[in-house]
There are 2 protein chains.
Amino acid sequence: MVILDPESNIPLYMQLRTQIIESIVRGNLSKGDTLPSVRGLAGDLGINMHTVNKSYHELEAKGIIEIVPKKGAVIIADTEKGPSKKQREDITEELRPAVAEALVHGMKEEDLHQLISEIILIVKEV
Amino acid sequence: MVILDPESNIPLYMQLRTQIIESIVRGNLSKGDTLPSVRGLAGDLGINMHTVNKSYHELEAKGIIEIVPKKGAVIIADTEKGPSKKQREDITEELRPAVAEALVHGMKEEDLHQLISEIILIVKEV
DNA sequence: CGATTGTTATAGTAAATATAGAACAGGTCT
DNA sequence: AGACCTGTTCTATATTTACTATAACAATCG
């Protein structure tokens, strides 16, 4: 279930790719599953085909799905294997500004570990 | 020391505000210190005054500095006190997409804690 | 065959990003 | 007092990004 907020300052294609990632984490989508067609999903969400296409290509760049021309987008992310070196570096750069912001407000290492644990529960919707 | 990359896909004002935050975390800038004037820093960095101004206002919105009209921008972030509720929520939303990405690639809670610890060392430039 | 697939191309609008220059009023400093 | 610097505000413009809208193509699938 994907819900987009057109009023958000976060671009639609980012909202979509994040929600697809979280769906995989929760197990609503699994390795080997095929994502809806770009046209179909765009229609359901009331957005343009190209916006969905952009999300899919970002997911492909992150190594989460594989897009097979004329066929579909298949989930290849292995939620058991662990990230590649590049994937780990990308995640590091994504986390860095927020970690710095946490530190500047006085959060300690243990506080951040606690916050990460909370976020994991939120993403998994436990 | 601030270094901006005009070729980066990260906007200049974001690069600047992140680097100022990290400077505070490292102790290069401390509570009570005054940031350079928007004109002065813009000149040093070879960018426009309004771009620096935007960074400063984002830092003010995050509660890291206080801008006193006609005087200057003073650092008010307390690196000992701990974040306010809103600040903690903002940090949570900033971390969430990257945490989801880590999970989808199979990182476990302990792996993320380890990564966060590494990032803390990077930010502090130990 | 007919429908659907991802891809590509073109086009347009709107917003975000960045620059530029000018002017204002309130501080600072000599 | 006068000169200077401060952040603020305004207008203006160029570029890039985000999003939508159509259309067409070739390949897959039932």
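Not measured: the values here are computed from a predicted model.
Across all their heavy atoms, K31(A) and I76(A) have their closest contact at CE-O, 3.8 Å. Of all heavy-atom pairs spanning R96(A) and I122(B), the tightest one is NH1-CG2, 3.6 Å. Residues Q19(B) and M1(B) share a closest heavy-atom pair of OE1-O, 3.9 Å.
Interatomic distance, T92(B) OG1 to Q87(B) CD, rounded to the nearest 0.5 Å: 11.5 Å. With rounding to the nearest 0.5 Å, the separation of OG1 in T79(B) from CG in L29(B) is 11.5 Å.
For E101(A) (side chain) and A98(A) (main-chain N/O), no donor-acceptor pair under 3.5 Å exists by modelled atom type.
Applying a 4.0 Å cut-off to non-hydrogen atoms, the residues of residues 45-60 of chain A that approach DNA chain D are I47(A), N48(A), M49(A), H50(A), T51(A), K54(A), listed by residue number.
Counting 5' to 3', DNA chain C first comes under 4.0 angstrom of a heavy atom of chain A and last does so at the ends given by dT5(C) to dA9(C). Here the range on DNA chain D touched by chain A, meaning any atom under 4.0 Å from one of its heavy atoms, is dA18(D) to dC29(D).
Between M14(A) and P69(A), it is M14(A) whose nearest contact on DNA chain D lies nearer the 5' terminus. Each of A73(B) and P11(A) lies near DNA chain D, and the nucleotide nearest A73(B) is the one positioned closer to the 5' end. Toward the 5′ end of DNA chain C lies the nearest nucleotide of R39(B), the other residue of the pair K71(B) and R39(B) mapping further downstream.
Between Q114(A) and E118(A), the side chains place a donor N or O and an acceptor N or O closer than 3.5 Å (distance only, hydrogens not considered).
For residues 94-120 of chain B, every residue pair satisfying the ring-ring contact (aromatic ring centres under 6.0 Å, His included) rule, not counting sequence neighbours, is listed here: H113(A)-H113(B). Residue pairs meeting the ring-ring contact (aromatic ring centres under 6.0 Å, His included) criterion with at least one member in residues 29-50 of chain B: none, sequence neighbours excluded.
With respect to K108(A) and E80(B), a salt bridge is recorded, a charged nitrogen being found less than 4.0 Å from a carboxylate O.
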Step-by-step salt bridge (charged side-chain N to carboxylate O under 4.0 Å, His left out) determination, K62(A) to D90(A): CA-CA 9 Å; K62(A) 290 178 182 295; D90(A) 288 349; over 6 Å; no
Dot-bracket pairing map - DNA chain D, Watson-Crick plus G-U, both contacts under 3.5 Å, | cross-strand: |||||.||||||||||||||||||||||||
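Tested against L59(A) for a side chain to side chain contact (heavy atoms under 4.5 Å, CB included), the candidates I24(A), I75(A), I20(A) yield a single pass: I20(A). Across L4(A), D5(A), L12(A), a single residue satisfies side chain to side chain contact (heavy atoms under 4.5 Å, CB included) together with S8(A), and that is D5(A).
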